[in-house]
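Structure first, commentary second.
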Amino acid sequence: MKRTHRCTELTTADVGKEVVVMGWVQRRRDLGKLIFVTLRDRSGIIQVVFNSETNPELHEKASQVRSEYVLAVRGTLARRSEEAINRNMVTGEIEIIASELRILNKSEVPPFHIEENVDANEALRLKYRYLDLRRPHLQRNLHLRHRIAKIARDYYDDNGFYEIETPFLTKSTPEGARDYLVPSRVHPGKFYALPQSPQIFKQLLMVSGFDRYMQIVKCFRDEDLRADRQPEFTQIDLEMSFVDMEDVIAVNEGFISRLFRETLGLDIPVPFKRLTYKEAMERYGSDKPDTRFGLELVNISDLVAESGFKVFRDAVENGGSVRAINAKGAGAKFSRKEIDALGEVVKTYKAKGLAWMVVEAEGLKSPIAKFLTETEIGQIKERLGAEPGDLLLFVADKDEIVFDALGHLRLELGEKLGLIDHKRYDVLWVTEFPLLEYDEEEQRWVAKHHPFTAPMDEDIDYLDTDPGRVRSKAYDMVINGYEVGGGSIRIHSQELQARMFRVIGLSDEQAGERFGFMLDAFKYGTPPHGGMAFGLDRLTMLLAGTDNIRDVIAFPKVQTAACLMSNAPDVVDEKQLEELHIKTTVNDKSEA
RNA sequence: GGCCCGGUAGUUCAGAUGGUUAGAACGCUAGCCUGUCACGCUAGAGGCCGAGGGUUCGAGUCCCUUCCGGGUCGCCA
């Protein structure tokens with residue numbers, strides 16, 4: 001038998017035709033002399049009918065069929081009678097009257113029922129991932145992922161990009177995330193590192209004159225997982241020569257715009273909104289703001305700098321700030337307990353506490369009111385546009401903590417107050433990032449983006465005198481509060497690059513050891529260049545409307561970076577370790 | 001590494017205050033059933049209550065340790 005159609009390719013237009021479908025048994029409904037089987041393939045499901053009256057042998061065979069058996073069915077496509085139509089099914093108006101059945105394979109009873117609304121827990125489903133992947137939801141997500149990759153390749157090809165592969169077995173670069181290491185058999189005691197990104201290689205391709213490069217590529221970072229983070233993930237990576245930031249932005253706006261149009265049919269007009277890093281932090285408390293709703297931060301430092309409330313006054317005196325959010329209407333909605341819970345949220349981000357005021361028609365309810373004058377309260381209310389029923393929330397601390405705490409509180413409030421339109425996509429750029437940030441632990445400046453990012457021309461002079469003030473030619477693309485991509489114009493001058501390394505505390509010698517080949521390359525005519533990379537997984541999540549990255553990866557890992565299906569990572573033979581000149585410090589009893 | 005949540009039939013869950021033989025639904029098996037589509041009806045099988053230790057006359061329940069899964073902080077140039 002040869003398959004003629006996928007299940008849902010059949011329509012009322014095909015009624016009367018002899019067809020052959022192949023797939024899995026979704027459900028069998030055995031009414032005795034009449035058996036209905038819903039057959040599933042990647043397109044969806046269709047009902048097959050076996051009638052003992054018209055074909056007793058066939059009916060007998062159909063009665064042996066169970067869930068997830070693999071069948072080939074030949075039959076005549078028929079229109080269902082009016083009463084038998086199932087409006088909830090794509091193929092609910094038709095069915096196949098079977099004339100031949102082949103059981104291509106049997107199946108054990110699956111550990112969970114494979115249907116759209118699974119209730120089995122995720123760990124079990126991950127162990128049997130190949131079964132979970134049969135669900136329409138995951139089939140759709142991976143199809144969407146395929147289409148995004150296809151559109152990316154088409155779009156960048158249309159714009160003159162070459163897809164070029166870069167090595168996975170490469171050299172460890174200690175800046176940034178922890179590396180996954182691969183031991184070398186041939187070079188005892190030496191290790192390759194899996195790339196955190198193809199950053200250096202793509203820049204070298206610019207030195208080589210390829211002009212425009214792109215690649216859909218796996219990247220590896222040995223850091224702890226999150227709902228939107230996996231240890232191996234995929235980037236749509238690209239780099240361009242002879243461009244400035246506006247060129248890179250324009251090309252990639254074109255891509256995102258086309259992506260939304262061709263996948264969701266949505267029009268995202270270009271140019272996209274832009275926020276500077278400073279503005280994003282001051283208004284949203286985040287460098288990846290979700291701009292689908294308001295609740296913006298308001299600085300009230302000047303109003304309370306001299307205040308009788310010590311917490312506020314001290315914060316301002318110590319160079320920090322006092323900022324607030326007006327949670328419109330929440331004063332009337334939230335109980336005391338719920339407000340206290342918000343206090344716990346900000347404590348997660350190191351804020352010492354959350355001050356609050358419930359604005360009422362006559363005065364206000366607030367534990368801090370007694371520390372403030374009538375005038376101060378009046379000014380605060382005015383600046384926050386407070387009206388009766390509002391809840392005003394304050395954090396006073398170093399700016400960094402205030403932004404972090406209120407930024408996350410804002411997201412929590414947006415969700416709680418139902419202010420987020422989940423059908424909406426807000427796409428924007430965040431620009432003018434700080435080039436460097438001070439690492440307290442290591443007592444040195446580190447690159448915020450990576451050490452090849454170019455400083456903004458007007459700030460270069462501060463590189464040695466006031467490094468924290470230098471802004472970079474970096475840009476992130478943010479959609480609905482997710483950083484979906486980022487990039488920068490790179491340093492292409494050998495001198496500036498050396499200066500950058502010095503600022504982040506890398507001696508010429510260390511820089512030479514780590515990036516020598518790159519510095520060498522830069523001596524031979526490096527074009528001005530820049531680029532960016534998109535997180536394919538996150539883009540797919542957003543377009544699929546899920547907040548779980550495992551929903552868009554065929555074989556994802558769990559929080560401990562293990563694969564529940566294959567049981568990776570696992571112990572290996574002693575012989576393998578010997579060949580690699582490796583001895584672990586782990587007592588093998590504890591591993592058994 | 002820290003904090004929070006969870007772990008009881010194949011699955012999803014219920015099991016006040018510790019108390020005889022641990023329940024339900026779905027699934028599974030068998031029988032009946034010609035228009036079902038979460039088919040229906042009848043019967044049946046199915047449990048190391050995540051693991052180890054402790055308290056107790058007695059532990060699914062209380063205590064300690066540990067393992068597994070999720071979220072999150074740190075981390076993620």
Side-chain angles (χ1 to χ4, degrees), chain A residues 26-39 45-54 59 63 66-68 78 80-89 91-92 95 97 108-128 173-179 196-197 199-200 219-231 233 341 344-350 404-405 408 412 433-437 439 441-442 445-453 472 474 483 486 488 500 504 506 514 533 535 547-548 550 557-560 562 564 590:
Chain A
Q26 175 68 29
R27 228 175 243 282
R28 177 187 58 117
R29 287 180 290 274
D30 187 343
L31 276 62
K33 297 283 185 313
L34 194 60
I35 296 173
F36 298 98
V37 167
T38 42
L39 199 71
I45 58 173
I46 191 165
Q47 175 163 278
V48 182
V49 189
F50 299 90
N51 193 327
S52 67
E53 204 166 80
T54 51
H59 173 270
S63 68
R66 294 293 180 271
S67 284
E68 301 306 323
R80 297 195 196 181
S81 67
E82 195 58 35
E83 321 81 69
I85 288 174
N86 183 347
R87 303 281 170 204
N88 299 319
M89 245 171 114
T91 55
E95 62 192 1
I97 310 298
E108 287 194 11
V109 177
F112 55 92
H113 191 227
I114 296 157
E115 60 185 347
E116 187 70 312
N117 300 309
V118 273
D119 49 7
N121 83 58
E122 206 182 352
L124 183 77
R125 281 155 41 211
L126 286 170
K127 183 175 175 189
Y128 298 95
T173 53
E175 286 281 311
R178 203 174 290 118
D179 284 320
Q196 296 173 26
S197 82
Q199 186 60 38
I200 293 174
C219 302
F220 306 86
R221 295 180 189 174
D222 187 4
E223 298 293 348
D224 287 343
L225 287 77
R226 286 291 184 279
D228 64 348
R229 234 160 63 190
Q230 284 271 311
F233 60 99
E344 291 308 308
V345 172
V346 301
K347 279 180 190 161
T348 313
Y349 304 97
K350 298 199 201 115
D404 204 24
H408 283 93
E412 177 92 11
F433 279 82
L435 181 70
L436 301 151
E437 52 192 359
D439 187 322
E441 206 172 299
E442 295 194 38
W445 290 96
V446 296
K448 189 171 174 75
H449 198 57
H450 56 58
F452 317 114
T453 297
S472 67
E483 182 200 324
S488 63
M500 179 69 183
I504 62 171
L506 275 186
R514 291 175 192 180
D547 53 11
N548 182 345
R550 296 182 294 273
K557 294 185 170 52
V558 297
Q559 203 163 56
T560 54
L564 297 183
S590 63

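Just so it is clear: chains get the letters A, B, ... in the order the sequence lines come, proteins before strands, and each one is counted from 1.
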**Message:** Ignoring hydrogens and geometry beyond distance, is the side chain of Arg229(A) in donor-acceptor contact with the base of C75(B) at under 3.5 Å?
**Reply:** yes
**Prompt:** Less than 4.5 Å apart, any side-chain heavy atom of His408(A) and any of Thr348(A)?
**Reply:** no
**Message:** Can you see if the side chain of Gln196(A) gets near the phosphate of C76(B) - specifically, an N or O under 4.0 Å from OP1 or OP2?
**Reply:** no
**Prompt:** With a 4.5 Å heavy-atom cut-off, do Gln47(A) and Asn86(A) have their side chains touching?
**Reply:** no
**Request:** Sugar-phosphate means primed atoms, P, OP1 and OP2; the rest is base. With that split, encode nucleotides 32-39 of chain B 5' to 3' as B, S or - using protein heavy atoms under 4.0 Å.
**Result:** -BBBBBSB
**Request:** Would you mind pulling out the nucleotide paired to C49(B), Watson-Crick or G-U wobble, both distances under 3.5 Å?
**Result:** none
**Request:** Measure the shortest side-chain to side-chain distance between Ile200(A) and Phe452(A) over non-hydrogen atoms and say whether it is less than 4.5 angstrom.
**Result:** yes
**Message:** Using the P atom as the point on both nucleotides, what is the distance between U11(B) and G50(B), in whole Å?
**Reply:** 13 Å
**Request:** Indicate syn or anti for A16(B), taking the glycosidic torsion and treating anything within 90° of 0 as syn.
**Result:** syn
**Item:** G-U wobble or Watson-Crick pairing nucleotide for G10(B) (cut-off 3.5 Å, both distances)
**Value:** C26(B)
Quick test: give all pairs of protein nitrogen or oxygen and nucleotides 8-11 of chain B nitrogen or oxygen below 3.5 Å, distance rounded to 0.1 Å.
| residue | atom | partner | partner atom | Å |
| --- | --- | --- | --- | --- |
| G10(B) | O2' | Pro111(A) | O | 3.0 |

**Nucleotide opposite G19(B) in a Watson-Crick or G-U pair, distances under 3.5 Å** = C57(B)
**Message:** Among residues at least two apart in sequence or on other chains, which ones pass side chain to side chain donor-acceptor pair (under 3.5 Å) with Gln199(A)?
**Reply:** Gln203(A), His450(A)
